[in-house]
Amino acid sequence: MADFAALVGPYPFDSSFMIRALIAATAIGICAPLVGTFVVQRKLALIGDGLGHVAAAGVGIALWLDRTPQLVAVVLTVIAACVIEWIIKFVKNPDSALALIFYSGIAASITFAGRGSRQNELQQYLFGSLLSINEDDVKTVLIVSLVISLIIILLSKVLLAIAIDESSAKISGVPTGLVRIILMICVALIVSVSMTITGLLLISAVMVIPVLSARLITKSFRSSWILSMVIGVTGSVGGLALARIVDSAPGGTIVLAHVGIFILLSLWRSVLPLYAKRTLEDSKRN
Amino acid sequence: MTEHNTAIEVSNMSFSYGSNKVLDNISFSIAPRTLCALVGPNGSGKTTLIRCITGLIEPNKGSVNVACSHNTKQDPHTIGYVEQRHIISSDFPVSVYEVVASGLTTGNKKWFLKHTYEKSKVEHALESVGLLGHIHSSMSSLSGGQQQRVLIAKAFVSDPDVLILDEPIAGVDTQSQELFRDALLHIIEEHDTTVLLVSHELSAVQDILDQIIVLKNRVLFNGTPQQLNDQGVSLGMHSHDLPMWLERIDHDTNFGENDG
């Protein structure tokens with residue numbers, strides 16, 4: 001693995017901590033919308049947010065017991081992802097059950113962290129501390145992002161078939177339940193490794209907003225999927241650079257950059273009514 | 001495609017939601033390469049029966065054999081299915097090509113087909129339903145009738161033995177219904193597919209129907225359109241048309257049972 005400390009670029013990426021932040025933000029900028037596309041299609045846009053609350057409980061417990069927060073958060077979030085999938089499938093009114101889990105998560109986080117000597121660290125996991133991540137954090141983010149990306153790309157045709165028509169996919173022998181659980185575990189892993197970048201309370205935004213932005217101006221799944229990753233990287237890297245320039249919190253600035261891209265594309269779509277134009281072209285062609 | 005004597009065989013099937021018996025000892029068979037309509041008033045158990053045939057739910061009693069796959073694991077390509085009121089959200093950017101190609105994804109793990117093979121299958125399926133010209137359009141740009149035909153192409157793209165369509169032409173305009181009829185005829189005649197059609201509106205397909213099953217929690221009628229006509233019920237749009245008759249039997253279950 002490369003020594004990131006030896007790499008420096010032009011301002012604002014002219015220091016080793018910014019290069020580390022740039023690499024981590026780029027990896028998450030690609031990986032989060034890659035998974036988020038399928039999460040949004042399942043109408044579970046807030047699931048990353050909810051899992052973030054559960055991961056926060058893991059961080060709280062780890063800080064109390066003086067253990068590694070990421071490790072405890074990963075274990076707890078993966079378990080929560082499987083439980084949530086079960087709730088969505090079998091509970092008639094999953095909304096209330098999910099709310100119960102999520103609020104318990106954040107409450108446990110505050111309660112357990114307050115009992116230990118490292119309670120001051122909780123804030124960096126809730127809101128991110130991109131500029132203080134070390135080389136090991138970057139390597140972890142890269143490896144996890146790569147593994148998740150490979151899994152999702154391998155399952156992409158099946159995930160799309162389920163997104164279009166789950167009943168037909170099931171009749172065709174697709175193991176829909178297993179594929180859904182794998183997707184949820186991928187979401188849980190992204191949430192856990194991203195806690196130092198955007199923070200647990202904001203990771204869902206990086207997973208969802210680029211997907212919503214891409215949907216505004218695309219007409220096929222493939223183009224929407226690819227564009228969401230391009231927007232993911234643009235917003236994350238642009239937000240990071242802006243945070244350095246104006247000296248603001250990177251996690252929040254990255255999310256605001258994504259919101260800014262969404263607003264710009266919404267305006268562009270309004271000014272240039274692409275859909276109406278395409279429909280007109282299609283009808284002329286016929 | 002394997003040669004079978006019956007495409008669908010349902011024997012003594014019963015199904016209940018709790019204490020509510022929805023299907024009561026249902027038995028019928030459908031011959032290969034035919035078009036069979038399943039009709040019945042609302043709440044008569046049509047969709048439940050379809051879900052049992054497709055394997056989405058297990059009947060409490062009785063058995064279902066599709067393309068004689070009795071006691072064997074269902075071949076992923078045996079059944080093509082279009083669900084009732086299946087709507088692809090207008091904010092989901094997906095092209096017609098992608099929707100139809102998704103019908104080739106099965107549980108046999110061959111998820112990465114050669115692009116040329118996939119493309120030729122998709123083009124052929126879309127040609128069968130008269131929508132080849134829309135192959136690169138987005139689903140949201142199509143009318144309701146066109147979207148239904150795309151979903152039929154998706155269900156049909158993997159060459160299934162049996163195609164099951166649950167209310168595919170509900171709320172669709174007359175021109176789309178005619179195109180739908182032509183597509184069904186092509187699928188049955190050119191591809192030897194058996195079609196089970198659940199619908200209240202049979203006037204568009206009345207001339208190509210081979211069999212009608214009337215369901216109201218049990219089989220009230222099973223025969224040809226001519227046999228139904230002999231009992232004073234026509235599929236045409238006049239005073240004794242099918243929807244009015246179905247409404248009538250909703251209040252009167254003493255209709256002469258004919259399981260022939």
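Note that the structure is a prediction, hence the values are computed from the model and not measured. Each chain gets a letter, A, B and so on, in the order its sequence line appears, and its residues count up from 1.
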S.K.: Any chance you could measure B:Ser137, atom OG, to A:Lys219, atom NZ, to the nearest 0.5 Å?
M.R.: 6.0 Å
S.K.: Report the distance from atom OG1 of A:Thr37 to atom CZ of B:Phe92, rounding to the nearest 0.5 Å.
M.R.: 9.5 Å
S.K.: Can you name the closest pair of heavy atoms from A:Ser168 and B:Tyr81 and give their distance?
M.R.: OG-O, 3.0 Å
S.K.: To the nearest 0.5 Å, what is the distance between CZ on A:Phe221 and OG on B:Ser102?
M.R.: 11.0 Å
S.K.: Any chance you could lay out the side-chain contact (heavy atoms from CB on, under 4.5 Å) test for B:His136 and A:Ser220, step after step, and finish with the verdict?
M.R.: CA-CA 8 Å; B:His136 297 301; A:Ser220 75; over 6 Å; no
S.K.: Which distance, rounded to the nearest 0.5 Å, do you find between the OG1 of B:Thr105 and the CG of A:Leu155?
M.R.: 11.5 Å
S.K.: Is there side-chain contact between A:Lys157 and B:Glu98, with heavy atoms separated by less than 4.5 Å?
M.R.: no
S.K.: Indicate yes or no: at least one non-hydrogen side-chain atom of B:Ser95 is less than 4.5 angstrom from one of A:Arg222.
M.R.: no
S.K.: Are any non-hydrogen side-chain atoms of A:Lys170 and B:Thr54 less than 4.5 angstrom apart?
M.R.: no
S.K.: Flag the pair B:Glu83 / A:Ser167 as yes when at least one side-chain heavy-atom distance between them is below 4.5 Å, and no otherwise.
M.R.: yes
S.K.: Looking only at heavy atoms, which two atoms of A:Ile164 and B:Val99 are closest? And how far apart?
M.R.: CD1-CA, 3.8 Å
S.K.: Find the distance between CG (A:Leu212) and CG (B:Asp91) and round it off to the nearest 0.5 Å.
M.R.: 8.5 Å
S.K.: Checking heavy atoms, do the side chain of A:Ser224, its backbone, both or neither come under 4.5 Å from chain B?
M.R.: side chain
